[in-house]
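Below is one structure, written out as structure tokens, with a few remarks after it.
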Amino acid sequence: MSDAALPPLLRAPPFPDGGVSVTRDGADRALDLSHAAIDHLFASIRTARVGGCFWGTPSPDPIAVVLRTRKPSEDAAARALLPAPEQATAQRIAATPRRSESPTDPWSLLPGMTALVAHGDDEWIALAVIAGVRVHLLSGGRFGTPGDDVETVRRTVAQHLAGTRYRDPFTGEPTDLTATIATLGDWRQTFAGNRNIVAGCGFSWWKRPEIARFLFTPEHGLRFFRSERRALAWAARAGGAVAIWPSRVSDAMVAKAATDAVPLVRVEDGFVRSVGLGSNLVPPSSVTVDWRGIHYDPSRASDLETLLATADFPPDMLARAARLRDTILAAGISKYGSDTAHCFPDRQPGRRLVLVPGQVEDDMSVRLGGGGLASNLELLRRTRAREPDAEIWFRPHPDVTAGHRVGVVAEADALQYADRVVVGGGMAPLLDLVDGVHVLTSLTGFEALLRGCDVTCHGTPFYAGWGVTCDLGHIPDRRGRTLSVLDLIAAVLIAYPRYLDPATSLPCSPEVLIGRMGQGATHNRLGWVSRLRQAQGRLMGAKTS
């Protein structure tokens, strides 16, 4: 095979829909890279652990000296290139595995590898040089020729990387090497987080295709079960975990999983979800995947709480958080992005304006984080008691207004404590009007923090207890660290959730999804079902009114 027919060193994994590419046809002109530039390039690839089949199966055991030969008959010649002490310990990894075999992830071996013997066209030569491993060339190829010194091979590899043309997989537009490494690194982290999840249980039929995309890994498919018993049995046999939608599995399943030592991974909607309601069967474009607990349950640690309690975000991450916040505010994005224009009432001049967002009263976040308070009407009463002179607006939860969930407050009852009941329109423009927000556990409190509003928490949402809110609920001792709003954004919107690009179905960064939402470019594969669900909600609302 000619060098031109060989795959580029940096390339996309085999996603289910296929056809994903991070490279373009042609080659850029050869660059005269400095030694320092090569060091920086290689360091970024080592940090991201990408290149070659980085999505392959990790090697179960370390191997110090590796032979990468095309056939066993080449092994003797390969061993002869090694110093005598290494010849006896060298182990072979076939350069052309059988069709039934998954490729080995080279980065599972490179950190502990001391020497590699391979052909000059083998991408493992390039990756070994990037990782600082001593290489011996069995034949000539695109990454080197027998007799080349280390610096020559390093420069050859760097020229291959710099001379390849790259494309943004989300837009199809040209992009650079740095952005490509970052994208591949993000995909690697996603696969690593999914690797041991083998079963799913408690997911609605209409969510399953999207959840399978969120939890995809090239090594194996995710199998969904309606039966909790069968899901646990399958995971136990496979030695893996079960992904669950917490509100749709039983306490008995949780107890059985603990007894059988089967890990449960809790999946929930993300904090920037979609344009449209989940109750209208609009698939999520963001989810959270938590191995410890779940972010809305303050009784136990979650991955998000642990991140907030321990992470020290570097300046570049905080700068990214600031840019992301600015983008969200400029685009008017909230959890359920609204694509309908709305005219809100004028606020009363000279009065502080406070928003009270209603919640679904039997929602898991209310049950677990409300501290015993669930009533929207009682939340309104408590807000009025603390804000006697303020103008108070009550906004019912959109799922409740749509007729799908519990939590209706009659307008006459709400107006005992609120000055207005505000229905319709997006949350983002509403938050731009108010001075403060009183919440039970609503995500609206976090969205208000992004906009500089003061936030009073009557329950214990995930963003309470970090020094940026007025906390009336019980705060776990695990919290108490003082963070900035940018720290919260870095954890809550960048590090913790998963995102899917609604246009390409690829795992993406929050910036890509928010860019799509800001442009109105969203895709609902279940649009017909959503319309049917909306009609059902209107019918249910008419019956209860």
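Along the sequence shown, the residues carry numbers beginning at 1. The structure presented is a predicted model; accordingly, all values stated were derived computationally and were not measured.
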Give, for atom [atom1] of [X] and atom [atom2] of [Y], the distance between the pair rounded to the nearest 0.5 Å.
| X | Y | atom1 | atom2 | answer |
| --- | --- | --- | --- | --- |
| K207 | F214 | NZ | CZ | 10.0 Å |
| L488 | L308 | CG | CG | 6.0 Å |
| D105 | F191 | CG | CZ | 11.5 Å |
| I244 | I197 | CD1 | CD1 | 11.0 Å |
| S365 | L440 | OG | CG | 7.5 Å |
| C201 | L264 | SG | CG | 9.5 Å |

Inset, instruction - Check the pair F271 / F462 against ring-ring contact (aromatic ring centres under 6.0 Å, His included), numbers first and verdict last. - result: CA-CA 11 Å; F271 308 117; F462 64 85; 4.9 Å; yes

Provide the closest heavy-atom pair for [X] versus [Y] in the form atom of the first, atom of the second, distance.
| X | Y | answer |
| --- | --- | --- |
| D413 | V409 | CB-CG1, 4.2 Å |
| G445 | Y463 | CA-OH, 3.2 Å |
| A243 | V267 | CB-CG2, 4.1 Å |
| M364 | S247 | CG-CB, 3.5 Å |
| V360 | V366 | O-CG2, 3.5 Å |

Do [X] and [Y] have side-chain heavy atoms sitting under 4.5 Å apart?
| X | Y | value |
| --- | --- | --- |
| L500 | L513 | no |
| R451 | I328 | yes |
| F446 | V492 | yes |
| V265 | L215 | no |
| L232 | F225 | no |
| Q91 | S59 | no |
| W107 | R46 | yes |
| W466 | D487 | no |

Ignoring hydrogens and geometry, is there a side-chain-to-backbone donor-acceptor pair from [X] to [Y] under 3.5 Å?
| X | Y | result |
| --- | --- | --- |
| R478 | T306 | no |
| W187 | P507 | yes |
| D303 | W291 | yes |
| T441 | G370 | no |
| D501 | L506 | no |
| N194 | F216 | yes |
| E447 | A428 | no |
| S442 | V439 | no |
| S250 | M253 | yes |
| R188 | F54 | yes |

Practice task
Output, in order, the C-alpha distance, side-chain angles, deciding distance and verdict of side-chain contact (heavy atoms from CB on, under 4.5 Å) for N376 and F394.
Solution key: CA-CA 9 Å; N376 286 319; F394 173 61; 4.2 Å; yes

**Asked** Could you walk me through whether L443 and M427 pass the side-chain contact (heavy atoms from CB on, under 4.5 Å) check?
**Response** CA-CA 11 Å; L443 181 66; M427 179 60 76; over 6 Å; no

Exercise. Taking 4.0 angstrom as the limit, do R481 and D312 come out as a salt bridge?
Worked result: yes

Short N-O contact, E511 and R323, less than 4.0 angstrom
no

